[in-house]
Amino acid sequence: MSAIEASTERSSRGALWERVRETTPALLFGLRLWASVCLAFYVAFALQLSEPSWAGTTAALICQPALGASLRKATFRMIGTVVGAAGAVILAALVRQDAFGFLFGLSLGCAASVFVATLLRNFAAYGAALAGFTVAILASDILGATGASNGDVIMLAIYRATEICTGIVSAGVVLALTDLGNARRKLGEELARLSAAVCNGLIACLRTDGPGQPASRALRRDLLGGVIALDPMIDAAVGEGSDLRRHSPMLQQAVIGLIEAIYSWRAAALQVERMPLEAGRREAAAVRAELPLDTFPVASAEWMNEPAELRLACCLAARLLIRYEARTPSLRLLADSAAFGMLGIAQALNGLTQTVDPDNALSVLKTSRFTVPDWLPAFINAARAFAIVAILSLFWVETEWTSGALAITFGAVAAVLFPLQGDKAFATAMAFLLGCILAAVIATMLVFWALPPVTGNFAGLCLLLGLVLVPAGFFIALPWQPQLFFAASVNLIPMMSITNAMTYDASQFWNSTLAILAGLVWATVCLRLTPPLSPSYRAQRLLRLSLADLRRLARRRESGGPEAWRNRARARLLAIPDEAGPLERAQGVSALAIGRAIVRLRDVAPRFVPGGLVEATLEAIAQGDSTAAFARLDAIERSLAALPDNVPGARIVLRLRASVLAIGNELREFESFYNSALAP
């Protein structure tokens, strides 16, 4: 063998080994999925539950490639199951023998479920959706084939809830025993990366030989997108660690700190950009000289190794910058912006410390209140869900289809779950429908060819399920079409209708399978006919709402005061879709920055200048008249500049002049945005 051939063979072996190493986690997830479903069936059979398929289906639903996501999902699913079962019992008690009343109540229940789920985030949203999911599952048993109340509703609710909880616990046990989880490590790495990038960017904008400020705008917008993406990572990490669950406010404050650091960096960068070149370099260098530059490493890995020490360094730097004796408003603005930026990074580092070194984390007592960024998507999703379930119900009543209740169940499930995907709802529904068709083909082969020989043999049943679930789980864990294989694994089990006493009725099988497909097809058609709000429209609407909030803040009409406004502005910023352009995020950050300066100006400036001038300035901003606002800001600046240097509170006066400067910078940067019409 020649040297070239030997080298080629070694390269091929190395590539093969690398490929095996990369796909091993996906294969392990397939095995976990299989084990979870088999354990759920084993427990359901042992307890003699009437519908073991719901236990197996739930176990397949709960399984996620990430341990934290699975455990967090299981927790909220259990809560949603209990709430949904109680809701179904109450609904049946109110309209026990009235099929129309029950179906109307079911439609309203699904609409309410998706309404609440749209307002919440991540796995809390999933838990709210699962309440409607559970009501829909119970509906098919309560209504039966004729529409009359079928049997003891309370016992049905207990049986179904028990079956669903069996699947939840089975999946949780398998995952907890076989997966150590890495969500906590991933969160720590991302917090370290973002903290390092924001700190380095803030320092770079103060470099005398640094890149032009416009070049840093794209970096800030990208980093803001990364901060917004932290939310689901935090939820997954909280699912893995009980200590993180208790101290989740620290992680929330870490996100808030990064946002504040980014818009403080933005304020400093805007000021440096607008100053004459030499003056900008001189003042930026003066502020930069106050920072302990050698303390902050460039590599994010070093930030992860010593977050507590870096947090202390950021706090000390902020203290030095706040006490810095500036002589000009621009220098004061740069120093204060850098100080606020360092405090924000310190908040982020405290969250990182809680993640990687909990003993050195500082307790956080204050956390932001839950705020709804926009009510409109929730109303749209609720109306769509109501229409999907109501029309399916009318179709069943008119046709008297014996499997119509099952079609309503799966239509309701789709109506509740798919709208949570936002603008990806239709694509997700199509992938899910194709996966359901694939499941129907596989179920046909298993039920009529492979399953009869292993009836009564649990080991044979498990082996048969493994031939399907292991490959399905493997592909779920890969980036290529995970929704399709997830749908195939989830829908396969109810289609097979595995029970303690198996029956092989072809007519019943095809009726049930057709009902599942019919419900999903109708939900998919409705999602196509009534698409969700586009990302660009949602982004523009959120910005209009932020602008309206800002103008109410300027007029002192913001309910709850500045803190409520700040929470609402952050919530709207975090709700901007990933597909939105970078300009929208920059405008959201600008609204936060200008609001902070407005609060300081309104609260402190009347001590030094006529209160009427301050109110007139803020009213011009509220009216969207930047020309008048610039003139009045100049008047305030002249009044403050005319005060003698030895006036009491001279440092406060300089900070007020810096706030005036910051407001002017923001108004000039997005003048058309701040002059636009008020949000409806």
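Atom set for the values below is all heavy atoms of this structure, side chains included, hydrogens, waters and symmetry mates excluded.
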Could you grab the distance from atom CG of L106 to atom OG of S393, nearest 0.5 Å is fine? 6.0 Å

Is a donor on one side and an acceptor on the other found under 3.5 Å between the side chain of T134 and the backbone of G84? no

Residues that L187 engages under side-chain contact (heavy atoms from CB on, under 4.5 Å), provided they are two or more places apart: L191, L230, M233, I234, A237, L251, T355

Flag if over 12 foreign heavy atoms under 6.0 Å of CZ, F474: yes

For F379, what residues pass the side-chain contact (heavy atoms from CB on, under 4.5 Å) criterion, not counting sequence neighbours? F115, W375

Results of side chain to side chain donor-acceptor pair (under 3.5 Å) for E51 - residues two or more places apart only: none

Does any N or O in the side chain of S53 come within less than 3.5 Å of the main-chain N or O of I498, such that one atom is a donor and the other an acceptor? yes

Indicate yes or no for a side-chain donor-acceptor contact from S534 to the backbone of Y537 under 3.5 Å, with no hydrogens or angles considered. yes

Taking side-chain contact (heavy atoms from CB on, under 4.5 Å) as the test, write out the residues that go with T524, two or more places apart. F426, A429, M430, L433

CH2-CD1 distance between W522 and I391, expressed to the nearest 0.5 angstrom: 4.0 Å

Please enumerate all residues that pass salt bridge (charged side-chain N to carboxylate O under 4.0 Å, His left out) together with R585, with sequence neighbours excluded. D578

Mind checking the CG-CG spacing from L392 to L406? Nearest 0.5 Å is all I need. 11.0 Å

Donor-acceptor contact present, side-chain T166 to main-chain A40, <3.5 Å: no

Distance (rounded to the nearest 0.5 Å) between T57 OG1 and I164 CD1: 9.5 Å

Rounded to the nearest 0.5 angstrom, the OG-CD distance for S672 and Q587 is 7.0 Å

Give the minimum heavy-atom separation between P373 and L545, together with the two atoms involved. O-CD1, 3.8 Å

Going by salt bridge (charged side-chain N to carboxylate O under 4.0 Å, His left out), name the residues that satisfy it together with R568, two or more places apart in sequence or in a different chain. E558

Under the salt bridge (charged side-chain N to carboxylate O under 4.0 Å, His left out) rule, collect the residues that match up with E190, sequence neighbours excluded. R193

F432: ring-ring contact (aromatic ring centres under 6.0 Å, His included) partners, not counting sequence neighbours: F418

Enumerate donor-acceptor pairs with a distance under 3.5 Å from any side-chain N or O in residues 439-449 to protein atoms, sequence neighbours excluded.
from, atom 1, to, atom 2, distance (Å)
T444, OG1, A440, O, 2.7

Is it the case that the side chain of W34 and the backbone of L465 share a donor-acceptor pair, with hydrogens and angles ignored and the cut-off at 3.5 Å? no

Using atom types as modelled, flag every donor-acceptor pair under 3.5 Å from a side chain in residues 482-489 to any protein atom, sequence neighbours excluded.
from, atom 1, to, atom 2, distance (Å)
S489, OG, F485, O, 3.4
S489, OG, F486, O, 2.8

Is the number of heavy atoms from other residues, nucleotides or ligands under 6.0 Å of F395 CZ greater than 12? no

Listed by chain and number, what are the salt bridge (charged side-chain N to carboxylate O under 4.0 Å, His left out) partners of D549, not counting sequence neighbours? R552, R572

Does T513 reach the main-chain N or O of F509 with its side chain, forming a donor-acceptor pair under 3.5 Å? yes

Donor-acceptor list for residues 380-387 side chains, cut-off 3.5 Å, not counting sequence neighbours:
from, atom 1, to, atom 2, distance (Å)
N381, OD1, R384, NH1, 2.9
N381, ND2, T118, OG1, 3.1
N381, ND2, P377, O, 3.4
R384, NE, T530, O, 3.0
R384, NE, T530, OG1, 3.1
R384, NH2, T530, O, 2.8

If you measure from CG on L520 to CD1 on I437, what distance do you get to the nearest 0.5 Å? 9.5 Å

